Amino acid sequence: MVTAWSRAAPTEDSASKPVAEKRYQHLIDQLADPDPALRQQAADELTRIGSRARPALLEAVAAGDPQIAPRASDVLLSIPWYERNDPDVVKTLLLNYGKHETGDRARIAENLAQFPARISAPALVRLVEQDPSPAVRWMVMRTISQHMFDEEMAKAMRDVDLSHAGAPLLAAAARAWLSVDSAKAMALLQRAVELEQSQPSFDGGALDFAFDLLVSSAKAKKQLDQAAQLLRMQAKRERQLGDDDPSAVYELFALHAQYGPINGLSDDLKQFEAYLGRPQILYCLSMLEGRQGHTLTSIALDRCAFAASVTSQQSRWNTAVFLGSHDWMPLAERELFAVLDGDGDSKLGYDFLARNRLATILGDQGDDAGAAQQIRAAVEEVRDSARSQPMINELVAQVHWREFRAARTAKDEATMKKKVEALVALSPSDSSIALDLVPYLKEHGRSEDAAAVFNRAYETANSKLAVDQTNPEQMNEVAWLCARCDEKLDTAVKLATQAVALAPENYAILDTAAEANFHAGDAKKAVELETRALELKPNDRFMLEQIAKFKAAVKK
């Protein structure tokens, strides 16, 4: 048996399980009897037996016999889902649990999670492990994960015996272990994806984070064959679940493009032949050929890739996003300009997206004047549309910010002051603007204005985090804002540490954690974190400057 947290779950090594299986197997088999009366008799007897029959019923559901599994599922749902020692509030919530449809059962789990873990955790573990619907189990896993930063919930999940847990419970427990023992968390995630490999269930994307972390870890350790194998597993899963957006296939070929050819390329080309005409893969194949010195083939594939997106602005946009996510910026920029040249019913929306993404790319390249030009054009295009005035004000603030940065590069103090006044008047909520504006205002003795700008950006970023509390990217944004503005440093360190635990192989998140610790006075820790970040992205100019700054502080 497992612990008290999930004592009703089946365990393969329990001494009682084989006896229980033999004791109730004749009733399980009778669920497939041609005689409806005998089937009903078996169902009634199993229902009367109750929780003692649960392991055998769970085994029957998992076996998937088309005659037995659906009937075993119905019996399982008819058995009471509360236990004798459950608190009264849990018993009330679970009283008619099995009579509800899947969505309502998931909402019951959400209601349970509102109570302290000492009350809710045993029941939540029961649901994530024993509900006969895979979709419900994964929804409960999401619910548990969203409450993982409640230390009581995290500890409860770490205390669960996972010897024979299913994939949803393994994934939920891994979330709890990430901040404490990342190696153990990774091992649990590996078990979860392996369990799901042979018998995929509809997880609604809940397991994607496991593949993402495992692939990132394998890449960071230069275990490229392992990373490729994980992506193949994920791609197979996407195909079995009917996903027409084969992101794992794209990532697999991106891996070949960045590091390959990796073992198994020929098989991948055959296995995923149906996707080879998509621009994302054509671009990857072009770069792969270029890596091998096949210049003419590379050029031809590049031209095919660019032509393959010509069908719509949406295709161009999706391709640009994919290219940008791998830092292939010249290609992403080309696709974005092609978006602006395109046409269609959603032209205004895609033009707006493309201009904003181009502004980011140009700004990252140091061309803030070009970035300002793109945003100004976006403002003009949407000014007469249904866009709200606050949104337009934010865009105008982006223009002034980019022009401020361009003036700073040109050492044009007069223009800088003019743009700062415009920004203070607009009170922007964008954290990127605050990162430049708050330090400038502090340096010029305008502490009240600096506080107002920071607080507005912090409230906006923090409100996004409140909606998605387990999102490491959102934690990273808040932590970076606090660290670079030298405000709320305890919050910066706390959030950065949590983000690293959730995404230990993300160099940008490690860099933020280093910056947060540096501002909090721990330069030695900052060097340690920045060193890990540089291992993931060697020779990055910004991070080399960062670690030099941190090391200089250690020597003082």
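Along the sequence shown, residues are numbered consecutively beginning with 1. Just so we're clear, the structure is a prediction, and the values are computed from it rather than from any experiment.
- Enclosure of atom CD in Gln373 is not indicated, since only 12 or fewer non-hydrogen atoms of other residues, nucleotides or ligands lie within 6.0 angstrom.
- Arg456 has a carboxylate O that lies under 4.0 Å from a charged side-chain N of Glu394, or vice versa, which qualifies the two as a salt bridge.
- Pairing each heavy atom of Arg175 with each of Ser145, the nearest pair is CG-OG, 3.5 Å.
- Between the side chains of Tyr507 and Glu530, no donor N or O sits under 3.5 Å from an acceptor N or O.
- Looking at Glu487 and Lys442, a side-chain N of the basic residue comes within less than 4.0 Å of a carboxylate O on the acidic one, giving a salt bridge.
- Between Glu110 and Arg107, no side-chain nitrogen of the basic residue sits less than 4.0 Å from a carboxylate oxygen of the acidic one, so the salt-bridge criterion is not met.
- Look at Asp436 and Arg408 and you find a salt bridge, because one of the NZ, NE, NH1 or NH2 atoms lies within 4.0 Å of a carboxylate O, short of that distance.
- Contact check for Lys219 versus Gln258: side-chain heavy atoms found under the 4.5 Å cut-off.
- Counting heavy atoms of neighbouring residues, nucleotides and ligands inside a 6.0 Å radius, atom NZ of Lys549 exceeds 12 of them.
- No donor-acceptor contact under 3.5 angstrom links the side chains of Gln313 and Ser346, judged on distance only.
- Taking the six-membered ring for Trp and thresholds of 30 and 60 degrees, Phe253 and His256 have ring planes inclined between 30 and 60 degrees apart.
- Checked against the 6.0 Å centroid threshold, Tyr440 and Phe404 count as a close aromatic pair.
- A salt bridge is absent between Glu381 and Arg376; no separation between the charged side-chain nitrogens and carboxylate oxygens falls under 4.0 Å.
- When every heavy atom of Leu207 is checked against every heavy atom of Ala192, the shortest pair comes out as CD1-CB, 4.3 Å.
- Of the candidates Glu380, Arg355, His400, Arg402, Ile375 forms a side-chain contact (heavy atoms from CB on, under 4.5 Å) with just one, namely Arg402.
- Residues Asp430 and Gln398 bring a donor and an acceptor atom of their side chains to less than 3.5 Å of each other.
- Taking the six-membered ring where tryptophan is involved, the planes of Phe322 and Trp328 are perpendicular, since the angle between them exceeds 60° and thus also 30°.
- Note on Lys347 versus Asp343: no salt bridge recorded, every NZ/NE/NH1/NH2 to OD/OE distance being 4.0 Å or above.
- Within the cation-pi definition used here (under 6.0 Å to the ring centroid, within 45° of the axis), Arg316 qualifies as a partner of Phe306.
- Looking only at atom types and distance, the side chain of Gln374 has no donor-acceptor partner in the side chain of Asn356 under 3.5 Å away.
- Counted by atom type alone, Ser431 and Glu477 present one or more donor-acceptor pairs between their side chains at under 3.5 Å.
- Of the charged side-chain nitrogens involved, at least one lies within less than 4.0 Å of a carboxylate oxygen, so that Arg446 and Asp449 count as a salt-bridged pair.
- Of all non-hydrogen atoms in Tyr250 and Cys284, the two that sit nearest each other are O-SG, 4.3 Å.
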